[in-house]
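A quick write-up on the structure given underneath.
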Amino acid sequence: MSNIFLDTLQGKNTNRPPIWFMRQAGRVLPSYLALKEKHTFWQMMQDPELAAKVTLLPIEDLGVDAAILFSDILVIPYAMGMGLDFTDQGPVFENPLLHTDDPLGKLNPQPEKLEYIYKAIDAILQTPGNTTPLVGFCGAPLTVMLFMLQGLGTRSNFTDAERFFFREKVLTRKMAEKVTELTIEYALEQVRRGVSAFQLFDTHAGNVPFSYYQEVFMPSVQKIADAVRQTGTPFIFFPKGIGTGIASMNHDVCDFLSIDWQTDLYTARKVVDKNVGLQGNLDPRVLFAETEVIRRELHRYIPFYEQEDKWIFNLGHGLVPGIPVENVKFVVDFVKQVHWK
Ligand code: CP3
């Protein structure tokens, strides 16, 4: 069956951009928040039926064109032997790697600890009546390692982990390689189970200078990209905060580049390889504003689509807790109904 999201990824012409949102399941939907009253995040993620249900909530409640697997980027550290809990303050690791004397030796890949996620993918794809394409994902090594080293990343910051990157560059590179190995195995199994596209989240790509990123982390990103793309699965890369580094993200790296809200989309189109499609980049906080403000922001994208149809509408980062769900629905309806060209 033809689908506007898949058609756009394949470079086919459509009459409007497809739309989905990063973090569309787990942050703003009342139906999700109601489930959160009864189950913890870990419980929902580890129960394939529940994870499937949550993955599909945004399809029913918002009408988006793609679903993203209900999981987290930190499942990789968990599957490398790190004790992990999701608390009200965000994810917490039992033994952050910074406080161990052999951080590389502590990485102990246990691929069987990812099995519940594959079962969730099976459950999603077997849901009767569901034809929405599923986006698989994982975190990129830099972002995942910042959490692994620092421990708690939302309340504190990653200062100590970043210091480690500079003090221990060779070790950082070795650790990135080890994380990459399991990440590739994980990504390929998601593809085997049937995800239609794959997104690599590098939420903290902007926390190091681009030269460092290129030297230490880009080889890992490239390997993950190559592995996924060799299967023919479209690959979307989200290196948030990478600034002018987007100019280096050519078609050897990704099929689509997800642009953050810091970057102007028109400028991005000028500097990014023409063969790479773009995704993005409405600032999620615009959705706290009144409808007229949101409408005005959305209208700014119309001339963009007139000149560029390799584009997927999305945010410049994930939905933020507290955004009124009506505003999210307003955006979906706008994108589906406005006359684009
Ligand atoms: O729509 C969805 O929520 C899809 C599934 C998804 C989650 N995390 C679920 C989640 C996805 C795609 C992610 C990605 C993720 N996780 C990223 C990259 C994207 C981004 O937003 O920057 C990062 C950095 C993480 C790490 C992480 N996981 C943090 C910092 C937190 C705490 C704060 C929060 O809500 O994001 C989590 C927990 C988490 N991941 C929750 C959910 C639904 C909240 C758990 C809860 O409510 O207890």
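Treat the numbers as computed from the prediction; the structure is a model and nothing was measured. Remember, it's 1-based here, ligands and their atoms both numbered in the order they're listed.
In F21, neither the side chain nor the backbone holds a heavy atom less than 4.0 Å from any atom of ligand 1. Within the 4.0 Å heavy-atom criterion, neither part of K240 lies near ligand 1. Counting heavy atoms under 4.0 Å from ligand 1, residue H204 does not touch it at all. With a 4.0 Å cut-off on non-hydrogen atoms, T87 does not touch ligand 1 at all. Here M22 has no heavy atoms under 4.0 Å from ligand 1, in either its backbone or its side chain.
Residue-ligand proximity, S71 to ligand 1, at heavy-atom distances under 4.0 Å covers atoms 5 (C), 6 (C), 7 (C), 8 (N), 9 (C), 11 (C). Numbered from 1 in the order shown, with element, the atoms of ligand 1 that lie under 4.0 Å from a heavy atom of F70 read 43 (C). Every atom of ligand 1 with a heavy atom of P91 under 4.0 Å away is listed here by number and element: 27 (C), 29 (C), 30 (C), 31 (C), 32 (C). Counting the atoms of ligand 1 from 1 in the order shown, those under 4.0 Å from a heavy atom of Y32 are 43 (C). Residue Q24 approaches ligand 1 through these ligand atoms, each under 4.0 Å from one of its heavy atoms: 1 (O). Of all atoms in ligand 1, listed by their number and element, those nearer than 4.0 Å to a heavy atom of K36 are 46 (C), 47 (O), 48 (O). The contact set between ligand 1 and H317, taken as ligand atoms under 4.0 Å from a residue heavy atom, comprises 20 (C), 21 (O), 22 (O). Listed by number with element, the atoms of ligand 1 under 4.0 Å from a non-hydrogen atom of A25 are 1 (O), 2 (C).
Between G26 and ligand 1, at least one pair of N/O atoms sits closer than 3.5 Å. Considering backbone and side-chain atoms alike, T143 places every N or O at 3.5 Å or more from each N or O of ligand 1.
Using a 4.0 angstrom heavy-atom cutoff, L319 does not count as in contact with ligand 1. The shortest heavy-atom distance from Q199 to ligand 1 is not under 4.0 Å. Heavy-atom distances between R27 and ligand 1 reach below 4.0 Å in at least one pair.
Salt-bridge check for E215 with R173: failed, with every basic side-chain N at 4.0 Å or more from each acidic carboxylate O. In summary, E189 and R193 engage in a salt bridge, as defined by a charged side-chain N under 4.0 Å from a carboxylate O. A salt bridge links R300 with E297: the distance from a Lys NZ or Arg NE/NH1/NH2 to an Asp or Glu carboxylate oxygen falls below 4.0 Å. With respect to the salt-bridge test (charged N to carboxylate O, under 4.0 angstrom), the residues K329 and D61 do not qualify. Ion pairing between E177 and K223 holds under the 4.0 Å rule for side-chain N and carboxylate O.
Within the 3.5 Å criterion, the main-chain N or O of F5 finds a donor-acceptor partner in the side chain of N3. Judged by distance alone, the side chain of R229 and the main-chain N or O of D252 form a donor-acceptor pair under 3.5 Å.
For atom 26 (C) of ligand 1, the candidate residues are D72, L57, I68; the nearest heavy-atom contact is made by D72. Nearest-residue assignment for atom 17 (C) of ligand 1 (options I73, L315, V75, L74; heavy-atom criterion): I73. Of the options F201, F147, F41, F238, the smallest heavy-atom separation from atom 44 (C) of ligand 1 is shown by F41.
Linking Ile, Leu, Val, Met, Phe, Trp and Tyr whenever their side-chain heavy atoms come within less than 4.5 Å puts F238 and V75 in one cluster. When the side chains of ILVMFWY residues are joined at heavy-atom separations under 4.5 Å, either directly or via intervening members, I68 and L50 end up in a single hydrophobic cluster.
With sequence neighbours excluded, the residues that form a side chain to side chain contact (heavy atoms under 4.5 Å, CB included) with T172 are M145, F164, F165, E168, Y212, V216, F217.
Summarising the geometry, atom CG belonging to N281 is positioned 8.5 Å from atom CH2 belonging to W311; distances are rounded to the nearest 0.5 Å. Put simply, CD1 on I246 and SG on C254 are 10.5 Å apart, with the number rounded to the nearest 0.5 Å.
Taking the six-membered ring where the residue is Trp, F235 and F237 present parallel rings, their angle staying beneath 30° rather than reaching 60°.
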